[in-house]
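Counting starts at 1 for both ligands and their atoms, following the listed order.
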Amino acid sequence: MRVIILGPPGAGKGTQADGICELFDIPHISTGDLFRENLKNETPLGKKAKAYMDAGDLVPDELVVDLVEDRIKRDDCRKGYLLDGFPRTVQQAKALDKINAENKVSIDAALNLDVPSDILVDRLTGRRTCPTCSTSYHIQYNPPKVEGVCDKDGTKLIQRSDDVEEVVKNRVKVYETSTAPLIQYYDDLGLLFTIDGTQQPTVVAEKIKTALKSKE
Ligand code: ADP
Ligand code: AMP
Ligand code: ZN
């Protein structure tokens, strides 16, 4: 199963990812996580991406496409993958189609988590993230069992430096301009499932499961 999860920053893509990946036994590939890993390790790619990420702008397409191509060629992607945060432009989507065509595979479904922009700022400024396993929490809507600590591995939670109001507002604007056109792109291909992402996470998960089971 090859799945794309679309939606604005804060829509709940990361929150839903683990459930989908367990269900289909596929890896969760988050380009944001891959870039943050490169940033932490101060790799040449991390150094190139930093200024864009700090501002909440998109990293140039060619850097992202090469990163994803290397990742999806790995053995653990033979049965499929869940792409989270990629593609983010029509050019990235076309590049992904080309890579898949060369490998004689194709995308099975594009999930679109629909959340109105006025809710996103609140979700992202209240988000706390585990730097070890990338699990997202929310100080109000989805708090960890022990305040400030990841339920899964006990790591101290952090607030991402791009989860501050000014950067969040730019990320939402960038989404609307550059990424939202992908909704039409995948609808035209007959792959789109739009899900109301304002519902409880468990309800969203059920709807995703029903959608993907129809493609199995
Ligand atoms: P994305 O990966 O799409 O940027 P996340 O999955 O990290 O978004 O979720 C953003 C924030 O919203 C997190 O703080 C998360 O706990 C919270 N959140 C996720 N899904 C829901 C939901 N259905 N209802 C309320 N809050 C949610
Ligand atoms: P995310 O974790 O998905 O919110 O991504 C964090 C940041 O990484 C974004 O604001 C971008 O700067 C960068 N990024 C992640 N994925 C992409 C992508 N597909 N295209 C361009 N930039 C990306
Ligand atoms: Zn953790």
Asks: Within ligand 2, which atoms have a heavy atom of R171 less than 4.0 Å away?
Replies: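 Those qualifying, in numeric order: 4 (O).
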Asks: Report yes or no: does D153 have an N/O/S atom closer than 2.8 Å to the Zn ion (ligand 3)?
Replies: yes
Asks: Considering K13, R88, M53, which one's heavy-atom position lies nearest to atom 1 (P) of ligand 2?
Replies: R88
Asks: I'd like to check whether V59 has a polar contact with ligand 2, where a contact means an N/O of the residue lying under 3.5 Å from an N/O of the ligand.
Replies: yes
Asks: Is any NZ, NE, NH1 or NH2 atom of the basic residue among R71 and D76 found under 4.0 Å from an Asp or Glu carboxylate oxygen of the other?
Replies: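 A salt bridge is present here (some side-chain N lies under 4.0 Å from a carboxylate O).
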Asks: Please report whether ligand 2 has a polar contact with T31, defined as an N or O pair separated by less than 3.5 Å (distance criterion only).
Replies: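 Right, the criterion is met.
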Asks: Which residue and non-hydrogen atom of the protein lie closest to atom 20 (N) of ligand 2, and at what distance in Å?
Replies: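 For atom 20 (N) of ligand 2, the nearest protein heavy atom is Q92 NE2, 3.0 Å.
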Asks: Is the closest N or O pair between K13 and ligand 1 shorter than 3.5 Å?
Replies: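 Between K13 and ligand 1 (N or O atoms, distance only) the closest approach is under 3.5 Å.
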Asks: Give me the nearest non-hydrogen protein atom to atom 12 (O) of ligand 1 as residue plus atom name, then the distance to 0.1 Å.
Replies: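 Result: R123 CD, 3.3 Å.
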Asks: Are D163 and R171 within salt-bridge range, i.e. N to O under 4.0 Å?
Replies: yes
Asks: How far is atom 19 (C) of ligand 1 from its nearest protein heavy atom, and which residue and atom is that?
Replies: T15 OG1, 3.4 Å
Asks: Under a 4.0 Å heavy-atom limit, does N142 contact ligand 1 with its side chain, its backbone, both, or neither?
Replies: side chain
Asks: Locate the shortest heavy-atom distance separating D18 from H28; write the atom from each residue and the value.
Replies: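 In terms of heavy atoms, the two residues are closest at OD1-ND1, 4.2 Å.
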Asks: Just wondering, are more than 12 heavy atoms of other shown residues or ligands nearer than 6.0 Å to CD in Q159?
Replies: yes
Asks: Which value, rounded to 10°, describes the SG(C130)-the Zn ion (ligand 3)-SG(C150) angle?
Replies: 110°
Asks: For the 3.5 Å polar cut-off, considering only N or O atoms, please tell me whether G85 and ligand 2 meet it.
Replies: yes
Asks: Return the closest protein heavy atom for atom 10 (O) of ligand 2 as residue, atom name and distance.
Replies: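 Result for atom 10 (O) of ligand 2: D57 O, 4.0 Å.
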Asks: In the protein, what heavy atom is nearest to atom 2 (O) of ligand 1, and what distance, to one decimal place, separates them?
Replies: G14 N, 2.8 Å
Asks: Tell me, which protein residue and heavy-atom name are nearest atom 4 (O) of ligand 1, and how many Å apart are they?
Replies: G10 N, 2.9 Å
Asks: Quick one: look up the protein heavy atom nearest atom 14 (O) of ligand 1 and list residue, atom name and how far away it is.
Replies: Y137 O, 2.8 Å
Asks: Identify the protein heavy atom lying closest to atom 8 (O) of ligand 1, giving its residue, its atom name and the separation to 0.1 Å.
Replies: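 Answer for atom 8 (O) of ligand 1: G12 N, 3.2 Å.
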Asks: Minimum heavy-atom separation for S30 and R36, please, with both atom names.
Replies: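 Reported closest heavy-atom pair: OG-NH2, 4.4 Å.
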Asks: Are K213 and E216 ion-paired here, with the side-chain N under 4.0 Å from a carboxylate O?
Replies: yes
Asks: Among all protein heavy atoms, pick the one closest to atom 23 (N) of ligand 1 and tell me residue, atom and distance.
Replies: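 Its nearest protein heavy-atom neighbour is Q199 O, 2.8 Å.
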Asks: Side chain, backbone, both or neither: which applies to V64 and ligand 2 if a contact is any heavy-atom pair less than 4.0 Å apart?
Replies: side chain
Asks: Check whether the side chains of D153 and T132 place a donor and an acceptor atom closer than 3.5 Å, and report yes or no.
Replies: no
